[in-house]
Asker: 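Okay, here's the structure, questions in a sec.
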Amino acid sequence: MSQYISVDKFEELDPKQFIIIKGARVNNLKNLSVAIPRNRLVVVTGLSGSGKSSLAFDTLFAEGQRMYVESLSSYARQFLGRMEKPEVDYIKGVAPAIAIEQKVNTRNPRSTVGTSTEIYDYLKLLFARVGKTISPISGNEVTKHSVTDVVDFIFGHEDGTRLTIMGPLRIHEERTVLEELKLLLSKGYTRVVVNGEPKFIEELVNEELSEEASIKILIDRIAVKHEEEEYQYRVADSVQTAFFEGEGECEVLILGGESYTFSDKFELDGVQFEEPSVNLFTFNNPYGACKKCEGFGHVIGVDPDLVIPNKNLSVYENAILPWRGETMKKWKEALISHAMDFDFPVHRPIADLTKEEEELLWTGNKHFKGLNAFFKFLESKTHKIQYRVMLSRYRGRTICPECHGTRLRKDAGFVKIGGKSIIDVVLMPVKNLIDFFDGLELTEHESKVAKRILAEIRNRLHYLDEVGLNYLTLNRLSSTLSGGEYQRIKLATSLGSALVGSMYILDEPSIGLHPRDTARLISVLKTLRDLGNTVIVVEHEEEVMRAADQIIDIGPDAGSHGGELVFQGTLEELSKENNTYTARYLNGENKIDLPEYRRQWRRFVEVKGARENNLKNIDVKFPLGVLSVITGVSGSGKSTLLRKLLYPSLSRALELDTLEIGKMDELVGDYDMIKSIEFIDQNPIGKSSRSNPVTYVKAYDPIRQLYADQALSKQRGYKPAHFSFNVDGGRCEMCQGEGTVKIEMQFMADLYLTCESCQGKRFKKEILDVQYNEKNISDVLDMTLADAMTFFEGKPAIVNKLKPLYDVGLGYITLGQSASSLSGGEAQRVKLASYLGKSNSRGDDHKLFIFDEPTTGLHFHDIKKLLNAINELIKMGHSVIIIEHNMEVIKTADWIIDLGPDGGENGGYLNFAGTPEDMVKLDDNHTAKYLREHLQ
């Protein structure tokens with residue numbers, strides 16, 4: 001039945017065939033022993049908090065990392081000497097470990113998709129090696145000649161061809177022609193060519209020569225001889241001398257024929273160009289970075305969207321905001337009065353103007369001064385406060401006008417391959433880039449030079465496409481990616497590196513992926529396995545489980561009731577079981593029920609003319625008082641619609657915030673009935689390592705009060721503050737109440753080690769003497785939330801604060817768990833719990849809740865709890881909008897808004913808006929195809 005291997009047979013197993021873990025006790029693992037087959041795709045599943053991450057990351061990955069450190073030199077190990085071994089009897093057969101987690105680790109404003117995947121490094125090399133510099137003046141290729149080019153030209157003629165090698169005479173400012181000739185004589189030259197006639201320099205010394213006369217130094221006269229090797233050295237030497245004396249120019253005159261000029265300067269059309277080099281294309285280097293924005297792509301300047309906020313108005317209708325006032329309207333009147341002279345449409349909406357006409361508003365012409373001149377005028381008057389205030393009103397973080405957000409110096413764009421510059425390439429979606437590089441035609445020599453580089457670029461682009469990220473551009477900032485996107489980029493990078501014999505541990509790679517793209521992700525995971533790696537995936541997605549060679553189910557429940565191996569085997573074997581939550585949901589015994597009816601709605605808010613990023617000027621209605629779900633493939637525009645349009649425009653309309661609004665026409669509807677908006681995303685709940693879920697929902701205050709009320713506390717004069725780890729008094733001063741000490745590493749990520757003074761208990765020994773029901777404050781912080789609910793039974797002040805956390809499926813987290821250790825999905829559910837705790841009023845306090853993939857990290861069983869919590873918000877009279885790919889959530893929606901049909905350029909359209917029952921009637925819709933199976 002199951003492929004579970006008995007512990008007493010572990011000694012017989014070969015560590016080359018299995019990763020053997022015996023007696024793992026990290027976090028809530030209960031002496032767990034398991035043998036994981038190597039070079040297989042293994043899925044670790046189970047309820048949230050059952051111990052999956054403890055097994056995969058805190059045990060396996062931690063041991064792999066520790067063993068790597070052990071292999072380093074003694075010098076390197078002195079910095080890592082205290083790296084602790086996971087709490088386990090032994091682990092055998094561990095391969096070098098690579099963890100690919102969901103967290104976006106970089107906030108570096110210079111990190112992009114191109115640099116993260118290393119594609120940009122290869123692009124720089126490609127453009128430096130085979131790029132052709134094209135002059136922007138004539139459109140011709142800029143070239144320079146080497147000595148070899150000239151020698152090859154000379155020996156391209158027949159034997160006996162007579163040639164003269166010359167270099168132009170350069171007259172320096174401080175010398176006359178006569179002085180230059182005398183200098184040549186002293187260098188050993190005897191003849192020059194004056195106006196085409198050869199003459200001895202000695203004869204010319206006594207003659208009067210015109211300043212305009214064409215004088216060339218005669219370097220050598222030769223007859224071509226192919227057979228003599230020594231003769232080639234003489235010719236090369238003469239050519240080099242000609243380049244030197246002619247300051248970059250050499251002339252070859254064929255006797256009785258034409259004259260040919262060669263230059264070793266990289267110039268054309270009177271302009272000196274930079275020769276392509278890797279640094280020219282590096283925006284992280286001062287040499288290649290745009291001088292205006294210093295390689296960031298953005299500057300603080302005049303924001304066009306603040307100057308012309310409503311593009312449906314015309315110039316005549318006061319579309320230009322700063323030209324509306326009594327003082328400044330003369331600028332507008334100058335344009336209107338002269339518009340006939342250059343045929344400018346002052347009555348046409350700004351949105352309908354051509355690109356040239358809109359540009360004219362900024363640059364102006366001889367008839368009127370444009371907006372650029374207007375803002376220069378304001379800047380010249382900044383000694384007056386009213387002008388400073390006016391200027392600040394229109395300032396914002398704008399795309400750099402010089403490099404247009406590409407971060408590179410302008411002349412880097414003159415270098416082209418296949419008609420495209422590196423700037424064009426980084427602004428193209430990956431999908432288009434694949435076509436561009438597949439169809440790239442190079443000369444035979446260029447192909448030889450670029451063969452290996454192109455193979456690496458194509459390989460990495462192919463893997464980005466495979467993991468469902470073909471809608472991204474290489475210029476996209478890493479810090480703007482979601483956790484799932486960042487994880488898949490690291491996965492694509494790992495595949496591009498083609499490591500063998502490693503152990504990859506992934507944390508829910510299917511997050512953020514539409515079911516359509518999951519199959520492609522699975523093929524990537526299989527490729528990684530087939531290269532000769534062990535791929536261990538912490539996952540709840542049914543499709544990934546089906547593709548696994550083996551499934552390990554941890555449970556049976558979460559927190560202190562989890563941490564045991566409840567199943568090991570194939571999906572087919574698991575679906576025949578009924579003793580685990582995973583098995584019961586897979587075999588249909590348990591399921592998330594469809595709602596009895598879809599809630600009706602009359603009131604709504606509507607975003608009109610959404611044009612931000614890839615949105616195609618769409619109008620979208622968001623119903624109020626119901627559960628709305630935004631669906632669509634990755635990159636279809638879901639996050640843009642909510643994050644950049646609905647949320648900021650609503651915040652401004654309700655005067656809650658002044659966030660920057662993306663490109664849209666207007667917000668209409670019944671938004672005045674909304675009192676506040678809560679955007680519940682996956683960002684951490686606190687930046688401090690002392691922040692934790694219990695302090696976030698204000699449950700720790702009554703706990704501290706309870707301990708301060710104990711008899712021993714009163715006897716010793718302890719106040720609630722003594723039981724706080726955030727202030728001086730009762731906390732351990734060595735670790736300042738954190739329980740861990742940070743060791744800063746010189747060349748690796750910082751290490752966090754258990755404090756030696758308090759042994760991780762956070763408090764001084766005397767504080768731990770105070771007990772309630774035989775537990776001190778440190779014991780309470782080590783309890784799971786579910787255990788704490790039972791422990792504090794009869795203390796409603798505490799239980800009522802903890803209950804919302806339990807209701808959203810976080811019963812397994814410990815009360816003192818650091819916020820920094822929570823996953824994105826857990827942080828999101830802590831925020832939801834906080835609002836559930838506060839939101840008990842009805843009607844008069846209508847809130848709009850926006851969730852971005854709240855099912856991240858959730859098992860089927862936990863999704864059921866989450867949906868109950870979300871429906872509770874709607875019963876209280878609030879509205880909920882969710883961005884989601886999980887079909888179990890989508891099927892329970894009252895209203896679905898589907899964007900697409902695809903990602904990137906092919907997305908951004910409104911595919912569908914209606915109920916799930918209406919959606920499944922669609923034939924050519926990606927979401928409808930998968931929803932159909934769940935709606936039966």
Side-chain angles (χ1 to χ4, degrees), residues 133 135 138 140-275 445:
T133 304
S135 167
S138 64
N140 294 326
E141 185 183 347
V142 184
T143 56
K144 61 177 270 189
H145 298 107
S146 66
V147 172
T148 309
D149 293 331
V150 183
V151 171
D152 288 346
F153 169 77
I154 290 169
F155 281 93
H157 292 82
E158 293 177 1
D159 264 10
T161 306
R162 300 186 69 79
L163 305 145
T164 303
I165 299 170
M166 300 175 288
L169 178 68
R170 303 296 187 188
I171 313 295
H172 292 88
E173 286 180 15
E174 66 274 9
R175 291 196 286 267
T176 63
V177 177
L178 197 60
E179 286 171 336
E180 287 287 0
L181 289 171
K182 285 179 180 176
L183 191 61
L184 279 177
L185 207 54
S186 68
K187 287 180 181 177
Y189 296 103
T190 57
R191 282 174 292 191
V192 289
V193 177
V194 181
N195 296 331
E197 288 185 40
K199 296 201 174 181
F200 284 99
I201 297 173
E202 286 177 341
E203 293 172 6
L204 296 172
V205 169
N206 302 317
E207 286 185 25
E208 283 291 325
L209 280 173
S210 164
E211 293 287 335
E212 284 78 37
S214 166
I215 305 172
K216 289 166 185 152
I217 309 161
L218 201 153
I219 307 290
D220 203 354
R221 290 196 296 190
I222 58 167
V224 176
K225 296 176 187 175
H226 286 97
E227 299 302 319
E228 295 182 28
E229 196 177 326
E230 290 296 322
Y231 196 70
Q232 290 186 18
Y233 292 129
R234 172 189 161 179
V235 173
D237 196 40
S238 298
V239 170
Q240 193 157 12
T241 306
F243 273 134
F244 177 75
E245 294 294 350
E247 293 183 0
E249 269 188 36
C250 164
E251 195 173 315
V252 177
L253 175 66
I254 298 168
L255 209 63
E258 289 183 56
S259 169
Y260 296 89
T261 303
F262 298 89
S263 170
D264 71 352
K265 289 182 182 174
F266 200 64
E267 63 182 17
L268 189 68
D269 304 326
V271 180
Q272 181 86 29
F273 291 89
E274 288 290 335
E275 290 188 48
H445 172 69

Asker: Can you tell me if Gln240 has over 12 outside heavy atoms packed within less than 6.0 Å of its CD?
Answerer: no
Asker: Can you name the nearest heavy-atom pair linking Val142 to Ser135, along with the distance?
Answerer: CG2-N, 3.9 Å
Asker: Identify the heavy atoms of Ala236 and Val147 that sit nearest to each other, and give their distance.
Answerer: O-CG1, 3.7 Å
Asker: Given Glu249 and Lys216, is the salt bridge (Lys or Arg N to Asp or Glu O under 4.0 Å) satisfied, shown in steps?
Answerer: CA-CA 11 Å; Glu249 269 188 36; Lys216 289 166 185 152; over 6 Å; no
Asker: To the nearest 0.5 Å, what is the distance between CD (Glu251) and OG1 (Thr261)?
Answerer: 4.5 Å
Asker: For Ser214, does its backbone N or O pair with a side-chain atom of Asn195 as donor and acceptor, under 3.5 Å?
Answerer: yes
Asker: Taking all non-hydrogen atoms of both residues, which atom of Tyr231 and which atom of Ala223 are closest, and how far apart?
Answerer: OH-O, 2.5 Å
Asker: May I have the step-by-step check of side-chain contact (heavy atoms from CB on, under 4.5 Å) for Asp159 and Val224, ending in yes or no?
Answerer: CA-CA 5 Å; Asp159 264 10; Val224 176; 4.2 Å; yes
Asker: Any chance you could lay out the side-chain contact (heavy atoms from CB on, under 4.5 Å) test for Val192 and Leu169, step after step, and finish with the verdict?
Answerer: CA-CA 9 Å; Val192 289; Leu169 178 68; 5.7 Å; no
Asker: With rounding to the nearest 0.5 angstrom, report the CG to NE2 distance, Asp152 to His145.
Answerer: 11.5 Å
Asker: Please name the pair of heavy atoms, one in Gly167 and one in Ile219, separated by the smallest distance, quoted to 0.1 Å.
Answerer: N-CG1, 4.1 Å
Asker: From Ile154 CD1 over to Ile222 CD1, what is the distance, rounded to the nearest 0.5 angstrom?
Answerer: 5.0 Å
Asker: Residues two or more places apart in sequence or in another chain: which of them pass side-chain hydrogen bond (donor to acceptor under 3.5 Å, both in side chains) with Asn140?
Answerer: Ser138
Asker: Please report the interatomic distance CD(Gln232) to CG(Asp237), rounded to the nearest 0.5 Å.
Answerer: 13.5 Å
Asker: Let me confirm one number: the CG-CG distance from Leu253 to Leu255, rounded to the nearest 0.5 Å.
Answerer: 7.0 Å
Asker: Using a 6.0 Å cut-off, check whether atom CZ of Arg162 has over 12 heavy atoms from anything other than its own residue.
Answerer: no
Asker: Can you check side-chain contact (heavy atoms from CB on, under 4.5 Å) on Tyr189 and Leu218, steps first, answer last?
Answerer: CA-CA 8 Å; Tyr189 296 103; Leu218 201 153; over 6 Å; no
Asker: Start with the C-alpha distance between Thr133 and Leu268, add both sets of side-chain angles, then the distance that settles side-chain contact (heavy atoms from CB on, under 4.5 Å), and finish with yes or no.
Answerer: CA-CA 10 Å; Thr133 304; Leu268 189 68; over 6 Å; no
Asker: If you measure from CZ on Arg234 to CG on Asp220, what distance do you get to the nearest 0.5 Å?
Answerer: 4.0 Å
Asker: Could you give all pairs that pass the ring-ring contact (aromatic ring centres under 6.0 Å, His included) test and reach residues 146-170, with sequence neighbours left out?
Answerer: Phe153-His157, Phe153-Tyr260, Phe153-Phe262, Phe155-His226
Asker: Is it true that, when you exclude Glu158 itself, more than 12 heavy atoms of the residues, nucleotides or ligands shown sit nearer than 6.0 Å to its CD?
Answerer: no
